[in-house]
Amino acid sequence: QVQLVESGGGLVQPGGSLRLSCAASRISSRLTTMAWYRQAPGKQRELVARISSYGTTQYADSVKGRFTISGDDAKNTVYLQMNSLQPEDTAVYYCYVLNIVGAYWGQGTQVTVSS
């Protein structure tokens, strides 16, 4: 089956940066959408950013201008560059992959923004 391996989470101070990575194995990049979701304590999971196989991107209003999603089709990997992090960005971040045969979730990586 498809396996999603996430990395890059951690603890940073407000204003800091992190880069998340998600590598999807055993999957074709054709007709594939990759995305990052997050879930903060006591809140519902929300879409952070999405990138399609065409390279088009979409961002939540709360992260627009601060986060950048990018993908490498050859490596079946998606990245999330997070700059100017704020305490409200604290959450578990989940990689998500959707292709023609199914949808897949990573196990999540913790991002904590605190002084």
Side-chain angles (χ1 to χ4, degrees):
Q1 272 194 324
V2 171
Q3 298 180 12
L4 306 183
V5 180
E6 302 175 357
S7 63
L11 173 65
V12 297
Q13 293 184 329
S17 298
L18 286 173
R19 188 192 189 205
L20 305 183
S21 299
C22 176
S25 64
R26 301 180 183 181
I27 191 171
S28 173
S29 62
R30 292 188 301 171
L31 303 177
T32 299
T33 295
M34 304 187 77
W36 289 96
Y37 287 75
R38 69 184 181 187
Q39 187 167 21
K43 296 184 178 180
Q44 295 182 348
R45 188 174 299 185
E46 65 173 345
L47 175 67
V48 177
R50 176 193 293 129
I51 185 168
S52 74
S53 60
Y54 299 101
T56 57
T57 58
Q58 184 179 20
Y59 298 92
D61 288 341
S62 60
V63 307
K64 197 172 300 182
R66 300 187 297 118
F67 291 9
T68 302
I69 188 171
S70 61
D72 186 334
D73 287 344
K75 297 180 179 180
N76 292 323
T77 301
V78 64
Y79 306 93
L80 185 67
Q81 179 67 47
M82 304 184 293
N83 298 326
S84 301
L85 284 162
Q86 304 169 11
E88 55 264 35
D89 296 316
T90 295
V92 177
Y93 285 70
Y94 296 91
C95 180
Y96 172 84
V97 175
L98 174 66
N99 67 10
I100 195 169
V101 298
Y104 311 91
W105 290 93
Q107 293 185 343
T109 184
Q110 177 70 48
V111 172
T112 301
V113 185
S114 176
S115 60

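In this chain, numbering begins with 1 at the start of the sequence shown.
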Below 4.5 Å, heavy atoms only, C-beta onward: do [X] and [Y] meet side chain to side chain?
X	Y	value
V78	I51	yes
Q3	Y104	no
V97	L4	yes

Same cluster for Y94 and V5 if Ile/Leu/Val/Met/Phe/Trp/Tyr side chains link at under 4.5 Å? no
Consider only side-chain heavy atoms of I, L, V, M, F, W and Y, link residues closer than 4.5 Å, and tell whether V113 and F67 are in one cluster. yes
Excluding sequence neighbours, so at least two apart, what forms side chain to side chain contact (heavy atoms under 4.5 Å, CB included) with E46? R38
With K43 via side chain to side chain contact (heavy atoms under 4.5 Å, CB included) - residues at least two apart: A40
Is it true that T112 and Q110 share a donor-acceptor pair across their side chains at a distance under 3.5 Å? yes
Pairing residues for Y37 by the ring pair (Phe, Tyr, Trp, His ring centres under 6.0 Å) criterion, not counting sequence neighbours: Y96, W105
Side chain to side chain contact (heavy atoms under 4.5 Å, CB included) partner of I69, the single match among V48, V63, L80: L80
Reported [atom1]-to-[atom2] distance for the pair [X] and [Y], which is rounded to 0.5 angstrom:
X	Y	atom1	atom2	value
S114	L85	OG	CG	12.0 Å
Q107	C95	CD	SG	12.0 Å
S53	L98	OG	CG	10.5 Å

Donor-acceptor pairs under 3.5 angstrom involving side-chain atoms of residues 9-22: please list them, not counting sequence neighbours.
from, atom 1, to, atom 2, distance (Å)
S17, OG, N83, OD1, 2.9

Mind jotting down which residue pairs meet the disulfide (SG to SG under 2.5 Å) criterion with at least one end in residues 32-68? Sequence neighbours excluded, please. none
Does NZ or CZ of R50 lie under 6.0 Å from the centre of the six-membered ring of Y59, at an angle within 45° of the ring axis? no
Using salt bridge (charged side-chain N to carboxylate O under 4.0 Å, His left out) as the criterion, list what pairs up with R66, not counting sequence neighbours. D89
Mind listing the closest non-hydrogen atom pair of T109 and E6 along with its distance? N-OE1, 3.2 Å
